[in-house]
Amino acid sequence: MLLIHCPFCKNRNETEFVYGGPVGANRPDPNLVSDEEWVDYLTMVPNPMGPVYERWWHARGCDQWFIICRDTVTHEILENPSEEP
Amino acid sequence: MKKYSAFALVKEAFNNHLGWGRAWRHAQPKKRYKVIIVGAGGHGLATAYYLGKNFGIRDVAVIEKGWLGGGNTGRNTTIIRSNYLQEESAAIYEKSRSLYETLSQELNYNIMFSPRGVMMLCQTEHELRAMKRTYYANRLFGVQTEMVSPMRMKEMIPIINTDGPRYPILGGLWQPRGGTARHDAVAWGYARAISSWGADIIENCEVTGIVREASKVASIQTTKGSIDCEKLCFVVAGSSSLLAELAGFRLPLESVALQALVSEPIKPVMDCVVMANTVHGYMSQSDKGEMVIGGGADGCNNYSQRGSFQHIEETVRALIETFPIISRLRQLRQWGGIVDMTGDRSPIISKTPVENIFLNCGWGTGGFKAIPGSGWATAELVAHGNPGKLAAPFSLARFVEGRMIDESIAAAVAH
Ligand SMILES: Cc1cc2nc3c(=O)[nH]c(=O)nc-3n(C[C@H](O)[C@H](O)[C@H](O)COP(=O)(O)OP(=O)(O)OC[C@H]3O[C@@H](n4cnc5c(N)ncnc54)[C@H](O)[C@@H]3O)c2cc1C
Ligand SMILES: [Zn+2]
């Protein structure tokens with residue numbers, strides 16, 4: 001089980017959280033992008049083997065949404081990831 | 001290829017069983033192949049088989065980074081059914097199920113197909129309605145299923161507790177010709193057949209790069225050197241996003257660990273497969289007597305091929321209410337596989353942005369049952385360069401067209 005660091009509650013069990021998926025691209029204005037770009041936004045998320053930025057929701061805690069960087073192979077949560085999401 | 005038969009068995013008995021030989025050759029890569037298939041799981045091997053059988057294309061290599069069948073094909077709970085909601089799914093899964101019926105004879109390899117029947121439980125009012133809808137859909141598409149009352153279910157499966165406090169059983173969807181098969185044997189049987197006609201199976205060989213020339217792929221780089229090809233087909237399940245990245249495109253997939261466990265062996269207690277989708281648990285009894293139990297996927301995407309403790313615990317905790325008899329069984333083994341999930345929980349059999357690369361993936365938590373049908377459809381796609389009737393609905397284009405083949409509403413888990 002993961003020990004996830006909530007910005008308010010510090011380290012808590014994974015079971016208190018709800019996974020919000022990998023952080024994808026920001027929502028574009030549908031009127032300004034092509035169909036392909038819009039579909040891309042709707043269907044593509046990063047799926048790397050290694051570090052990935054992802055959203056978590058402390059649903060059974062303080063209710064905060066936040067972003068962590070986790071390695072998808074080792075499950076290690078990186079404290080100082082090299083690049084920003 | 002040495003034919004397996006009662007006669008061969010008797011003959012070998014007098015020969016100390018020294019004459020059986022390997023089921024497939026351990027090949028080293030040649031310079032060039034007409035078709036290279038990446039991934040020696042069931043789907044990759046079946047694709048190679050139907051390429052040879054239906055289209056006479058036998059200059060084929062199947063490249064595998066680990067050992068043959070060591071991916072999800074060797075890690076699944078082997079449930080075979082075709083009672084899907086959407087017409088496109090029913091077509092390919094039923095084709096697959098019917099190919100399974102005669103696959104042992106066809107391959108001269110006992111894949112132990114056991115059409116013992118699959119029971120899908122309805123444990124909420126919503127699920128009961130959804131299953132009835134599926135049942136009507138099945139009737140329209142000619143897939144034989146029936147709805148079963150709790151009383152009848154109790155007769156069929158005496159160990160089931162139909163009136164648990166939390167998940168009472170309100171009915172069931174029964175597919176009498178669903179069942180199980182021996183997963184390894186499916187991979188081994190196809191491997192033996194294609195190897196016998198000269199296709200190369202190259203194990204311990206990872207694809208590490210794709211060399212493109214303009215809009216086409218010219219060759220692949222592997223840990224055993226570079227190999228040229230006319231056509232390339234990715235059949236790598238949970239690793240599909242990684243292979244696509246090597247080839248320069250992206251896929252609408254998320255990879256996540258799905259796990260299963262078996263109990264210690266006990267005497268026969270249950271002669272069919274039971275799926276409890278509400279609690280994400282499903283169970284059958286193996287020929288060795290182990291209860292084979294599959295659970296839900298991990299809570300977050302990962303490639304750890306291991307599975308998380310809390311999810312296996314949740315599955316077992318919920319199943320115990322329905323099957324009190326398992327409460328004191330000990331767990332023998334537990335394992336995980338990396339499944340490739342699409343948004344609509346339907347697979348992808350498709351052309352790709354690269355002209356001569358083809359794709360078979362997205363089977364997620366439920367592709368074992370689809371191996372023969374999927375191989376059939378993918379072989380057609382690779383041979384003609386265009387999909388046939390079975391594969392066409394499952395193209396990547398469906399995501400652009402918004403034409404989802406939504407199986408996720410039918411059942412939260414879709415094994
Ligand atoms: C626990 C569990 C239970 C399941 N239960 C069921 C069930 O009851 N019924 C059902 O129908 N389905 C079930 N499934 C799903 C089913 O197992 C899969 O959909 C199916 O086996 C996929 O087969 P495949 O051939 O596509 O992939 P795999 O068998 O995973 O084969 C892909 C192969 O590609 C290889 N590969 C990856 N990357 C590379 C590379 N770079 N170079 C070379 N080779 C590479 C891998 O090593 C692997 O052997 C279950 C899955 C799991 C994990
Ligand atoms: Zn918190």
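Numbered from 1 within each chain, the chains take letters A, B, ... in sequence-line order.
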Most contact-rich option vs chain B, by heavy-atom pairs under 4.5 angstrom, among A/Thr15, A/Val52, A/Val39, A/Val45, is A/Val39
Quick one: sort the A/Phe66 and A/Phe17 rings into parallel, tilted or perpendicular, breaks at 30° and 60°. perpendicular
Quickly, which of B/Phe368, B/Phe234, B/Trp363 forms a ring pair (Phe, Tyr, Trp, His ring centres under 6.0 Å) with B/His43? Name it, please. B/Trp363
Given the options A/Leu42, A/Val18, A/Asp40, A/Asn13, which has more heavy-atom pairs under 4.5 Å with chain B than any of the others? A/Asp40
Taking side chain as everything from C-beta outward and backbone as N, CA, C, O, which of these in A/Trp56 sits under 4.5 Å from a heavy atom of chain B? Side chain, backbone, both or neither. side chain
With a 4.5 angstrom heavy-atom cut-off, is it the side chain or the backbone of B/Ser308 that approaches chain A, or both, or neither? neither
Given the rule in the side-chain contact (heavy atoms from CB on, under 4.5 Å) test, do B/Arg345 and B/Asp406 qualify, once you have shown the distances and angles that lead to the verdict? CA-CA 7 Å; B/Arg345 301 293 182 262; B/Asp406 193 350; 5.9 Å; no
Please report the C-alpha distance between A/Arg70 and B/Cys300 in whole Å, then the side-chain angles of each, then the deciding distance to 0.1 Å, and finally whether the side-chain contact (heavy atoms from CB on, under 4.5 Å) criterion is met. CA-CA 10 Å; A/Arg70 181 181 55 95; B/Cys300 55; 3.6 Å; yes
Per-residue contact mode, A/Thr43 against chain B (heavy atom under 4.5 angstrom): both
Can you tell me which portion of B/Leu251 sits under 4.5 Å from chain A's heavy atoms? Options are side chain, backbone, both or neither. backbone
According to side chain to side chain contact (heavy atoms under 4.5 Å, CB included), who are the partners of B/Thr73, at least two apart in sequence or on a separate chain? B/Ala187, B/Ile371
